[in-house]
Structure formats: structure tokens, C-alpha cells
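For reference, the structure is listed below as C-alpha cells.
Worth knowing before you read on, the calculation uses all heavy atoms, side chains too, and leaves out hydrogens, waters and symmetry mates.
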Amino acid sequence: MLDLKNIQSLILDWSGTIVDDLTVVWDATNYCFGKFGVAPISREKFREEFCLPFLPFYRRYLPTQSLEEIDRCYFERFNAIQDEVALLPHAREFLEFAHSRDLRMFVLSTMDPVVFERLCGRVGINHFYEGAYVGIMDKTAEIHRVVQSNNLDPARALYVGDMVHDIETARHGGVQSCAVLTGFDKLEKLRAAGPDLIVEHLGELRQLFERAHDPRSSQAERRQPIVTVGALIFNARGECLMVRTPKWNRSWGIPGGKVRYGEPMEAALAREMKEETGLDVRDIRFVMAQDCIEPAEFYRKEHFLLLNFTCRANTTDVRLNEELEDFRWLSPDDALKLPTNKPTRILLETHARLT
């Protein structure tokens, strides 16, 4: 059991953990493929197949090209669009928090050293970490040097990353591991690798650190059921809004979130719909409550009390917040054809029976 109160040092991955460069890396990879006459792959396929160390991935698609040729083409495109790379939401706040708590921080990444220094300087975070171990093809071969050269206690060190290779690296180095859902590998891959902890983003990891050091926060208090609201939002054409989030293993679902203390259910629903989708909703109607205990699709074990509604929006101008990554307006029948999470399927089926 990971005890964050015991952690003294952090080893941080870079891509997908601190900075959001997935789209840029995918774009540069497809550019490289095109230079050698290989068809581009979708973002989803890239996330499914890309791995570290990355040489086997490129050998699958470019078996006859040298690594030098691949690098030259890749960085020709990457360098042209690198300004699109930005800090992930919550990253700066987490680094500031860790620094204020005197947690020692190090970066361990495959990122090219020149690119790393350039990006790190641009986003202004190089003062947070003691050392950067970058340009590392195989992190499992470097983790022991990071630990030993900095006199880290492996039992009190936490490696935070977004890929299976990061979890394997932590295990190889005898340090504990935390997987974040903000990067390259999907939840099912990360979960199968067996990290000590999975969080949605660095903001959640910060909250867990704060709770671990709060004497008023007991394990029993943290394991209470979570009351949430969610809704099928309908537009003027009778289509409902379906959204996708990494938290639910990228399955399709409905927008929603937690009810705040003292907040009426309908007010909570209107607030969450606005925050997550940018939509103002009306005609809010209660449909059902679901007891959702440790759903298989969710990234961690939780007990939810789901309060499900329907509502209407005057526009289809959706503006997703950082928690959601994709959306579709579909008829309820077509929505049922998607790979939805279980509680959303139950809601759609219940709504169909009641209408």
C-alpha cells in the first residue's frame, strides 16, 4: 500500500506527465511515415501501439530506415511545431506544491536533451528539479544511477509517469510508481502493468499528498460513497450528448460530477454541465439513481451514488473542459451502439423504456 506521507523524492517523466506533447509527437511521427511512403495512423492507433523503448515501434513501420534517418525526419517536423507543446493542466501547481513541501524532484525521460532544455526553459520550470536525466532510450537502464547518485532511499521515492515503461522502470529500480492518465498509454495498459497508484492528473496526486499529511483525514472518511450528478443532454433534434474521458477507460458516457456540500441536486447538475460542456441546460428532470460500486471501467476503486437526469440545451456549441476529450451528438439508439460504460448504458436503456 502506497503511503504518500512517507515519500521524500519524486522522479518525474516528462512527455504526457508534465507537458502535453502527445498531439505533436503523433503529428511528427506521421510526418516521418509520410516521408518514407508509409500511410499515417490515427491518434487512437498511435496510442495503442506506441511504446518505450520506441525502436520496436518504428521497426514495425519503417523496418529499412536507420534510426538516424528517422530522427532527422521526425525532428524536422517536431521542431517546426514544438511551440504547440504546453504544460499539462495542474502540472505547474503540482511542482510548486512539491517544491514547497521540500520534496526532491528529478526528471527521467527519453526526450532529446536539446529539445528538453528548450521546452523546459520556455515553460519556465527548470528551477523545480535537482537533475534531469534525458535522452534515455531505456529508462530501466538508468533508474539505478538516478537513485544511487542522488542518495535516494528507494522505499521513499515515487516515480510518476504515463506509460507502461515508466511503471516497469520504477519496479526495476525498487521505487514506487504512480501512473497518470494525461499521456500516451491508456488506462487498461497502465492498470495491467500494476502501478502502486493511478491518478487522473497531477492535480489529483497533489490532493492525495495533502490528505496524507492532514491529521483530520482518515481512511474511513476517504472511503465514503461519492454522490454525483450526470445527465443525458438533448438538443433540438432529439440527439443526446455523449462524451469520453480517460477516467472511464475511454468508454463513452455522459457529462457529470460531484455534488458539493449544501448544493441542491439540480443546481449541481446545471453547474457541472456548464463546467464540462459549456452548455446552459434547462428542463432538468430526474430519471433514476444508480448504486455504482467499484465499476470496472473506472480508473480506481470507488463507490458512486449516481443521480441521473435528462435536460435540454439551446445550442450544440460544446466546449469541453480538460476532463473530457471527445464528444458526439447522437440519437439515443445510436448512442447505445457505442462502447459505453455500464452506468451510461443502464441510463440509456431506462430512458428508452420510459419514453
Side-chain angles (χ1 to χ4, degrees), residues 13-88 107-120 122-123 133-142 161-169 179-190 192-193 244 246 249-252 320 324-328 337-339:
D13 173 52
W14 178 255
S15 298
T17 301
I18 298 176
V19 298
D20 183 5
D21 61 356
L22 171 59
T23 299
V24 172
V25 171
W26 167 57
D27 184 304
T29 299
N30 275 335
Y31 176 85
C32 188
F33 285 177
K35 283 286 188 177
F36 295 110
V38 175
I41 59 176
S42 70
R43 180 187 172 103
E44 286 302 301
K45 189 173 181 63
F46 176 75
R47 292 190 72 188
E48 289 171 5
E49 297 189 355
F50 187 74
C51 61
L52 294 177
F54 53 72
L55 190 56
F57 169 79
Y58 283 105
R59 280 286 165 262
R60 186 180 311 130
Y61 286 93
L62 304 172
T64 62
Q65 272 68 45
S66 68
L67 187 58
E68 290 75 17
E69 290 177 301
I70 294 171
D71 272 353
R72 185 169 59 255
C73 287
Y74 175 89
F75 283 109
E76 179 180 318
R77 177 59 177 167
F78 186 97
N79 291 336
I81 59 175
Q82 63 176 300
D83 285 348
E84 297 177 21
V85 178
L87 283 177
L88 280 160
V107 173
L108 176 57
S109 172
T110 60
M111 179 58 66
D112 176 82
V114 175
V115 174
F116 171 79
E117 288 299 331
R118 188 165 56 226
L119 293 177
C120 194
R122 179 165 62 81
V123 298
Y133 300 80
V134 293
I136 308 301
M137 295 292 288
D138 184 349
K139 299 178 193 178
T140 61
E142 188 74 4
D162 67 303
M163 298 189 72
V164 169
H165 185 61
D166 297 320
I167 299 166
E168 294 170 343
T169 297
V180 293
L181 302 181
T182 49
F184 286 65
D185 277 349
K186 298 180 180 181
L187 173 58
E188 65 266 28
K189 292 171 69 174
L190 295 170
R244 190 161 60 176
N249 200 16
R250 311 179 74 79
S251 60
W252 289 90
L320 298 181
L324 304 176
E325 62 181 19
D326 198 4
F327 74 92
R328 296 180 188 176
K337 297 175 184 177
L338 293 175

(message) Looking at Ser251, is its backbone amide N or carbonyl O close enough to the side chain of Asn249 to form a donor-acceptor pair, meaning the two atoms are under 3.5 Å apart?
(response) no
(request) Kindly compute the distance separating CD (Glu117) from CE (Met111), expressed to the nearest 0.5 Å. (result) 12.0 Å
(request) Report the C-alpha separation of Phe116 and Ser109 in whole Å, then their side-chain angles, then the decisive distance to 0.1 Å, and conclude whether the side chain to side chain contact (heavy atoms under 4.5 Å, CB included) test is met. (result) CA-CA 9 Å; Phe116 171 79; Ser109 172; 5.6 Å; no
(message) Using side-chain hydrogen bond (donor to acceptor under 3.5 Å, both in side chains), reason through Arg77 and Asn30 one step at a time and then give a plain yes or no.
(response) CA-CA 10 Å; Arg77 177 59 177 167; Asn30 275 335; over 6 Å; no
(request) Enter the distance from Phe50:CZ to Thr29:OG1 here, rounded to the nearest 0.5 Å. (result) 6.5 Å
(request) Kindly assign one of parallel, tilted or perpendicular to the pair Phe75 and Phe78, based on the angle between their ring planes and the thresholds 30° and 60°. (result) perpendicular
Let me have the donor-acceptor pairs involving side chains of residues 16-24, under 3.5 Å, with sequence neighbours excluded, atom names and distances please.
from, atom 1, to, atom 2, distance (Å)
Thr17, OG1, Asp13, OD2, 3.0
Thr17, OG1, Asp162, N, 3.4
Thr17, OG1, Asp162, OD1, 3.4
Asp21, OD2, Ser15, OG, 2.7
Thr23, OG1, Arg43, NH1, 2.6

(message) Tell me whether Glu48 contacts the main-chain N or O of Lys45 through its side chain, where contact means a donor paired with an acceptor under 3.5 Å.
(response) no
(request) Kindly compute the distance separating CZ (Arg328) from CZ (Arg244), expressed to the nearest 0.5 Å. (result) 6.5 Å
(request) Verify whether the ring centers belonging to Phe46 and Phe57 lie closer than 6.0 Å. (result) yes
(message) How close do Ile167 and Ala179 get, counting heavy atoms only, and between which atoms?
(response) CD1-CB, 4.1 Å
(request) Look at Arg250 together with Glu325 and state whether they make a salt bridge at an N to O cut-off of under 4.0 Å. (result) yes
(request) Can you see which heavy atom on Leu324 is nearest to which on Leu320, and at what distance? (result) CD1-CD2, 3.9 Å
(message) Show the nearest heavy-atom pair for residues Met137 and Pro53, with the distance to one decimal.
(response) O-CB, 3.5 Å
(message) With side chain to side chain contact (heavy atoms under 4.5 Å, CB included) as the criterion, how do Leu62 and Glu69 come out once you've worked through the C-alpha distance, each side chain's angles and the decisive distance to 0.1 Å?
(response) CA-CA 10 Å; Leu62 304 172; Glu69 290 177 301; over 6 Å; no
(message) Taking Leu190's backbone N and O only, do any of them form a donor-acceptor pair with Asp185's side chain (distance below 3.5 Å, no angle check)?
(response) no
(request) Heavy atoms only: give me the nearest Arg122-Gln82 pair and the separation to one decimal. (result) NH2-O, 3.0 Å
(message) For Cys32, run the side chain to side chain contact (heavy atoms under 4.5 Å, CB included) check against Ile70, Val38, Asp27 and tell me which one passes.
(response) Ile70
(message) Taking Gln65's backbone N and O only, do any of them form a donor-acceptor pair with Arg59's side chain (distance below 3.5 Å, no angle check)?
(response) yes
(request) Salt-bridge test for Glu44 and Lys186: reply yes if a basic N is under 4.0 Å from a carboxylate O, no otherwise. (result) yes
(request) Evaluate side chain to side chain contact (heavy atoms under 4.5 Å, CB included) for Thr110 paired with Trp14, printing each intermediate quantity in order. (result) CA-CA 8 Å; Thr110 60; Trp14 178 255; over 6 Å; no
(request) Measure the shortest side-chain to side-chain distance between Glu142 and Thr169 over non-hydrogen atoms and say whether it is less than 4.5 angstrom. (result) no
(message) Could you measure the distance from the CZ atom of Arg72 to the CG atom of Leu67? Nearest 0.5 Å is fine.
(response) 11.0 Å
(request) Kindly indicate, with the supporting measurements, whether the criterion side chain to side chain contact (heavy atoms under 4.5 Å, CB included) is fulfilled by Phe33 and Ile41. (result) CA-CA 9 Å; Phe33 285 177; Ile41 59 176; 4.1 Å; yes
(request) Nearest 0.5 Å please: distance from the CG atom of Asp83 over to the CZ atom of Arg118. (result) 9.0 Å
